[in-house]
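The basis for the numbers below is simple: all heavy atoms, side chains too, and nothing from hydrogens, waters or symmetry mates. The first residue in the sequence is number 1, and the count goes up from there.
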Amino acid sequence: MKTKIIALTLSLALMLGVLSGNVAFAEKGAFLSSKKLTISKNKSKTLKVKNTKAKVKWKIVSGKKNITIRKKGKTAVMVRGKSNGTSKVQANVGRKKLFCKVIVKNAKKTISPEPVTPVAPDPITPILPAPIVTVPPSPIFSQSPTATAPPLGSHEEDVAVLKKIIAQQRAQGATVSEDLNNDDEYKWDNNGRLWYIFWYKKNLSGILDMSGLYALKQLTCHDNNLSGLDVRDNQNLESLACNDNQLSSLDLSRNVNLKQLNCPGNQLENLILNSSNLESLSCSSNRLSSLDVSNSVNLKILWCNDNKLESLIINSANLESLSCSSNQLSALDVSNSVNLKTLGCEDNELSSIDVSHNENLEKLVCDDNQLSSLDVSRNVNLKDLSCSHNQLSTLDVSRNANLEKLDCLQNQLSILDLSNNKKLSSLLCSYTVTVIGYNK
């Protein structure tokens with residue numbers, strides 16, 4: 001009996017030793033995706049512990065009033081800026097402690113009073129394997145309006161409507177200018193029609209009703225406290241920036257000339273679009289469960305990160321940049337987007353993804369999904385590939401001769417052949433993987 005007890009005790013001790021050894025190894029190899037984050041106020045970024053399967057515990061150790069954190073999966077958190085200042089976030093992996101310095105500051109006002117030609121942004125973080133940055137671009141505007149059929153109304157009516165809106169908002173505490181010749185806020189065309197309004201951080205509140213301004217082409221009203229926005233009457237509207245308000249719905253069904261829409265950082269549950277001219281859409285950090293842009297056949301840029309999307313319908317062959325990370329997508333069809341160059345779909349519920357039709361693809365970030373296979377054999381232009389935290393047992397990159405960066409951490413790979421990837425300069429993979437043909 002004593003012999004059995006002794007044997008059992010030794011077995012338990014041995015098991016505990018092995019387990020503690022595994023935990024210690026997991027602690028040793030773990031590292032943060034970033035040791036320093038700079039976040040704009042009311043914006044978010046993802047912070048992740050890499051190279052570990054262990055559960056991570058997070059906490060804010062200093063500057064709690066400046067940031068909030070929201071857990072994403074086992075190893076990541078979403079850090080959101082609340083007020084200007086410096087904070088420190090701690091990640092505990094077993095007994096190992098990792099720290100990240102977070103700096104929160106006001107977003108730079110990148111829009112000049114004069115409209116500029118829009119430039120396509122890149123929604124994916126330049127350095128892999130960091131996740132795609134979910135901070136949307138500042139609103140961008142097109143050149144001065146081109147000649148079209150004269151809109152309804154007249155100069156006198158535009159003046160009367162604008163004065164009424166200004167009076168209503170100023171009565172509620174807004175700081176919009178009463179000087180209608182203020183070129184920073186208002187622009188008038190050669191016929192005296194109002195075509196441009198720029199109300200950035202003007203303490204706008206309540207419902208902003210733009211009815212009666214028929215010639216309006218560009219409206220900026222972001223970083224305010226609006227609970228509603230009515231632009232159904234503004235059928236000549238081409239550019240709308242209403243991000244960082246408190247909008248719960250936005251009806252743009254009558255804005256058929258809309259080209260650019262920026263509405264992230266609201267509480268949108270409904271977004272109705274009906275413009276085949278739409279070229280750029282950013283609606284990240286809302287509460288959308290579905291998004292249908294099938295009518296927007298000219299769409300080039302789509303950012304819809306950090307929503308609750310279960311359905312995303314795309315039908316644009318012109319799409320070049322798609323970022324739909326941090327949603328609940330179980331399927332994603334990009335087969336029609338033959339000009340796609342950058343695709344970020346990390347932190348979803350994808351079990352498969354078909355990129356065989358996207359031969360122009362240069363960046364693919366699909367971390368934190370449920371992928372058991374990934375075929376990139378036809379993506380000969382691929383430069384950056386990040387597919388960590390999936391269930392891949394094989395990964396063939398033999399036809400990706402232009403590949404420069406690869407992150408395939410935390411999969412089920414045993415062998416990785418990089419003999420044909422002569423341009424590869426950055427590699428992250430688990431220590432258990434046998435790597436062939438990479439000596440850098």
Using atom types as modelled and distance alone, determine if a side-chain donor or acceptor of [X] lies under 3.5 Å from a backbone N or O of [Y].
| X | Y | result |
| --- | --- | --- |
| Ser316 | Val297 | yes |
| Asn411 | Leu413 | no |
| Asn243 | Pro264 | no |
| Asn348 | Glu346 | yes |
| Asp230 | Leu208 | no |
| Asn307 | Arg287 | yes |
| Asn327 | Ser325 | yes |
| Asp223 | Asp244 | no |
| Asn298 | Leu278 | no |
| Glu157 | Ser154 | yes |

Contact check, side chains of [X] and [Y], non-hydrogen atoms, under 4.5 Å:
| X | Y | result |
| --- | --- | --- |
| Tyr214 | Asp233 | yes |
| Pro151 | Arg193 | yes |
| Leu374 | Leu392 | yes |
| Asp158 | Leu213 | yes |
| Leu424 | Leu406 | yes |
| Gln370 | Gln391 | yes |
| Val256 | Gln235 | no |
| Val79 | Lys45 | no |

#### Entry: side-chain hydrogen bond (donor to acceptor under 3.5 Å, both in side chains) assessment of Ser177 paired with Asp179
CA-CA 5 Å; Ser177 176; Asp179 179 6; 5.2 Å; no
Donor on one side chain, acceptor on other, [X] and [Y], under 3.5 Å:
| X | Y | result |
| --- | --- | --- |
| Ser323 | Asn305 | yes |
| Ser326 | Asp347 | yes |
| Asn224 | Lys201 | no |
| Asp333 | Ser335 | yes |
| Ser330 | Glu349 | no |

Interatomic distance, [X] atom [atom1] to [Y] atom [atom2] [nearest 0.5 angstrom]:
| X | Y | atom1 | atom2 | value |
| --- | --- | --- | --- | --- |
| Gln267 | Ser285 | CD | OG | 12.0 Å |
| Leu250 | Asn266 | CG | CG | 8.0 Å |
| His389 | Asn369 | NE2 | CG | 12.0 Å |
| Asn286 | Ser289 | CG | OG | 11.5 Å |
| Leu364 | Asp384 | CG | CG | 10.0 Å |
| Leu247 | Asn270 | CG | CG | 12.0 Å |

### Task
Output, in order, the C-alpha distance, side-chain angles, deciding distance and verdict of side-chain contact (heavy atoms from CB on, under 4.5 Å) for Leu309 and Cys304.
CA-CA 9 Å; Leu309 291 179; Cys304 52; 3.8 Å; yes
### Message
Would Leu258 and Leu240 count as a side-chain contact (heavy atoms from CB on, under 4.5 Å) here? Give the steps.
### Response
CA-CA 8 Å; Leu258 195 65; Leu240 172 61; 4.2 Å; yes
Contact summary for [X] and [Y], nearest pair of heavy atoms:
| X | Y | value |
| --- | --- | --- |
| Cys324 | Leu332 | SG-CD2, 4.0 Å |
| Trp195 | Asp189 | CD1-N, 3.4 Å |
| Phe31 | Leu409 | CZ-CD1, 4.4 Å |
| Val334 | Asn358 | O-ND2, 3.0 Å |
| Trp188 | Leu180 | NE1-O, 2.9 Å |
| Ile39 | Gly81 | CG2-N, 4.0 Å |

Less than 4.0 angstrom from a charged side-chain N to a carboxylate O is my criterion; do [X] and [Y] meet it?
| X | Y | result |
| --- | --- | --- |
| Glu238 | Lys217 | yes |
| Glu185 | Lys202 | yes |
| Arg70 | Asp306 | yes |
| Glu320 | Lys300 | no |
| Lys50 | Asp407 | yes |
| Lys48 | Asp368 | yes |

### Message
Just checking Lys82: does its NZ atom have more than 12 heavy atoms from other residues, nucleotides or ligands closer to it than 6.0 angstrom?
### Response
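Yes, NZ of Lys82 has more than 12 neighbouring heavy atoms, counting only those of other groups under 6.0 Å.
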### Other residues, nucleotides, ligands: >12 heavy atoms within 6.0 Å of Arg170 CZ
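Above 12, so yes.
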### Message
Could you walk me through whether Thr342 and Ser321 satisfy the side-chain hydrogen bond (donor to acceptor under 3.5 Å, both in side chains) test, starting with their C-alpha distance in whole Å, then the side-chain angles of each, then the deciding distance to 0.1 Å, before giving a yes or no?
### Response
CA-CA 5 Å; Thr342 60; Ser321 181; 2.9 Å; yes
### Task
Take the angle between the ring planes of Phe198 and Tyr196 and call it parallel below 30°, perpendicular above 60°, tilted in between.
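Correct class here is parallel.
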### Query
side-chain hydrogen bond (donor to acceptor under 3.5 Å, both in side chains) between Glu362 and Asn360: does it pass, once the steps are laid out?
CA-CA 6 Å; Glu362 296 179 1; Asn360 292 305; over 6 Å; no
### Message
For a side-chain contact (heavy atoms from CB on, under 4.5 Å) check, start with the C-alpha distance between Leu194 and Leu162, then their side-chain angles and the critical distance, and finish with the verdict.
### Response
CA-CA 9 Å; Leu194 182 68; Leu162 182 57; 3.8 Å; yes
### Query
Looking at His222 versus Trp199, is the centre-to-centre ring distance below 6.0 Å?
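Between His222 and Trp199, the centre distance exceeds or equals 6.0 Å.
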#### Entry: Qualifying residue for side chain to side chain contact (heavy atoms under 4.5 Å, CB included) with Leu273, from Asn255, Leu299, Asp251, Leu261
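Of Asn255, Leu299, Asp251, Leu261, side chain to side chain contact (heavy atoms under 4.5 Å, CB included) with Leu273 is met by Leu261 alone.
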## Note on the structure
Test side chain to side chain contact (heavy atoms under 4.5 Å, CB included), reference Leu427, set Leu403, Leu416, Asn421, output is Leu416
### Task
Quick one: do Leu350 and Leu329 satisfy side-chain contact (heavy atoms from CB on, under 4.5 Å)? Show the steps, please.
CA-CA 6 Å; Leu350 300 174; Leu329 296 172; 4.3 Å; yes
